[in-house]
There are 2 protein chains.
Amino acid sequence: MSEHDAIDLAIMRTLQKNGRISNAELAQKVGLSASACSRRLDILEKSGVISGYHARLSHKALDYKMIAIVHISLSGQFAKTLTEFEAAVRLCPNVLVCYLMSGEYDYILRVAAKDLEDYERIHRDWLSALPHVVKINSSFALREVIDRPNVGL
Amino acid sequence: MSEHDAIDLAIMRTLQKNGRISNAELAQKVGLSASACSRRLDILEKSGVISGYHARLSHKALDYKMIAIVHISLSGQFAKTLTEFEAAVRLCPNVLVCYLMSGEYDYILRVAAKDLEDYERIHRDWLSALPHVVKINSSFALREVIDRPNVGL
DNA sequence: TTCATCTTCGCAAGGACATTGCCAAAGGTT
DNA sequence: AACCTTTGGCAATGTCCTTGCGAAGATGAA
């Protein structure tokens, strides 16, 4: 594992805000020559510190206006049970986030839907069909207060 | 407001998966010449359909290995109460996501911490200090099963 | 239908950019 | 001091991005 100095952090911070900046401009912002900057960026990408770049699309354009938080309990905590559940949940394209959790519920999901009707379909065709589920609890987001891609550096 | 055809959708889908792809490669993937692709992309960006590009940083690589899901209840649902809470929570850099919710709890937060000790600090210095909070419930992620930036188109 | 108009494409060119090799400077170790 | 490792800058070459221009297709009115 490598150490990250101030320049690496500046590269990450800059690319977090503008992931499609040119290498030349990036180099200028962090105070390096283009070649040195390109090499450092290459290391950050290949080591997995920067795991990808993604366009952020306007919610309006995609019509996914509804976010649901879904708490799910399974019938047991056996490895096979968890594995089968996770394999199934990965197939649902509307599930943005899924965590195995400590506490009252086994999994927490963040699900995107176009509207309530769409969510009803997702719930019926996907969530209810997940294996080993004994309890599903859906809550709906009324407002998105924060949605940061990463921790503020 | 413009309509989006299959090519526009292909551009969005591609850039969602790889936001730093070159325009030449993007053009090839969607079946356009580089110039036509560049012009369409320009329109998508300037119209706000694509609102930005962001590098995705590995939380683990940055030593943020711990994700907590925090459920919070406030003392009331008055507009002033919500506004003050939201203004305060926005200041905490460790809060990645915050939704105002329907259901049992008022807010759900996703918080990144380096370790349990770090989370204890965040809880003490930030979360406990949020105004109008009457109940905080923290759960910890044991495993990240899915973390997608956007809905699969 | 026919013509005018608007849109969007592909092609070409020149200007910008990314990458690689090579060498020098800085820092650490024996 | 001598050596080794790391990392930056410069230069060159190949690639890429952008813009102007003309052509093809779509749209609408006479």
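Per chain, numbering begins at 1; letters A, B, ... match sequence-line order.
Distance CD (A/Glu25) to P (C/dC17): 8 Å, rounded to an integer number of Å. Taking atom CG of B/Asp8 as the reference point, atom P of C/dC9 lies 9 Å away to the nearest angstrom. Spacing between atom CD1 of B/Ile43 and atom P of C/dT8 amounts to 6 Å, rounded to whole angstrom units. Across the protein-nucleic acid pair, A/Asp42 atom CG and D/dT7 atom C1' stand 14 Å apart, rounded to whole Å. Taking atom CG of residue B/Leu41 and atom C1' of nucleotide D/dC17, one finds them 11 Å apart after rounding to whole Å. If you take NE2 of B/His4 and C1' of C/dT8, they are 16 Å apart, rounded to a whole angstrom. The interatomic distance linking A/Gln28 (CD) with D/dG8 (P) rounds to 17 Å, in whole Å. One atom, CD1 of B/Ile11, and another, P of C/dT8, lie 12 Å apart when rounded to the nearest Å.
Out of D/dG9, C/dT19, D/dC17, the shortest distance to the side chain of B/Asn23 is found at D/dC17.
Looking at A/Asp106 and A/Met101, their side chains never come closer than 4.5 Å, going by heavy atoms from C-beta outward. Contact check for B/Leu91 versus B/Trp126: side-chain heavy atoms found under the 4.5 Å cut-off.
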Which atoms of nucleotides 10-12 of chain D (N or O only) lie under 3.5 Å from a protein N or O atom, and what are those distances?
from, atom 1, to, atom 2, distance (Å)
D/dC10, N4, A/Ser35, OG, 2.9

Are there any protein N/O atoms within less than 3.5 Å of an N/O atom in nucleotides 24-27 of chain D, and if so, which ones and at what distance?
none

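When only modelled atom types and interatomic distance are considered, B/Tyr105 and A/Ser139 share no side-chain donor-acceptor pair under 3.5 Å. A side-chain donor-acceptor contact under 3.5 Å links A/Tyr53 and A/Glu45.
Two rings, from A/Phe85 and A/Tyr107, have their centers less than 6.0 Å apart.
With salt bridges taken as basic N to acidic carboxylate O contacts below 4.0 Å, none links A/Arg13 and A/Asp8. Between B/Arg121 and B/Asp118, at least one side-chain N (NZ, or NE/NH1/NH2) sits under 4.0 Å from a carboxylate O, which counts as a salt bridge. The residues B/Arg110 and A/Asp147 are annotated as not salt-bridged, no charged nitrogen and carboxylate oxygen being separated by less than 4.0 angstrom. Between A/Glu120 and A/Arg124 a salt bridge is recorded (basic side-chain N to carboxylate O distance below 4.0 Å).
Across the interface with DNA chain D, nearest-nucleotide mapping of B/Ser38 and A/Leu32 shows A/Leu32 to be the residue nearer the 5′ end. If you find the closest nucleotide of DNA chain C to B/Arg20 and to B/Asp5, the one lying nearer the 5' end belongs to B/Asp5.
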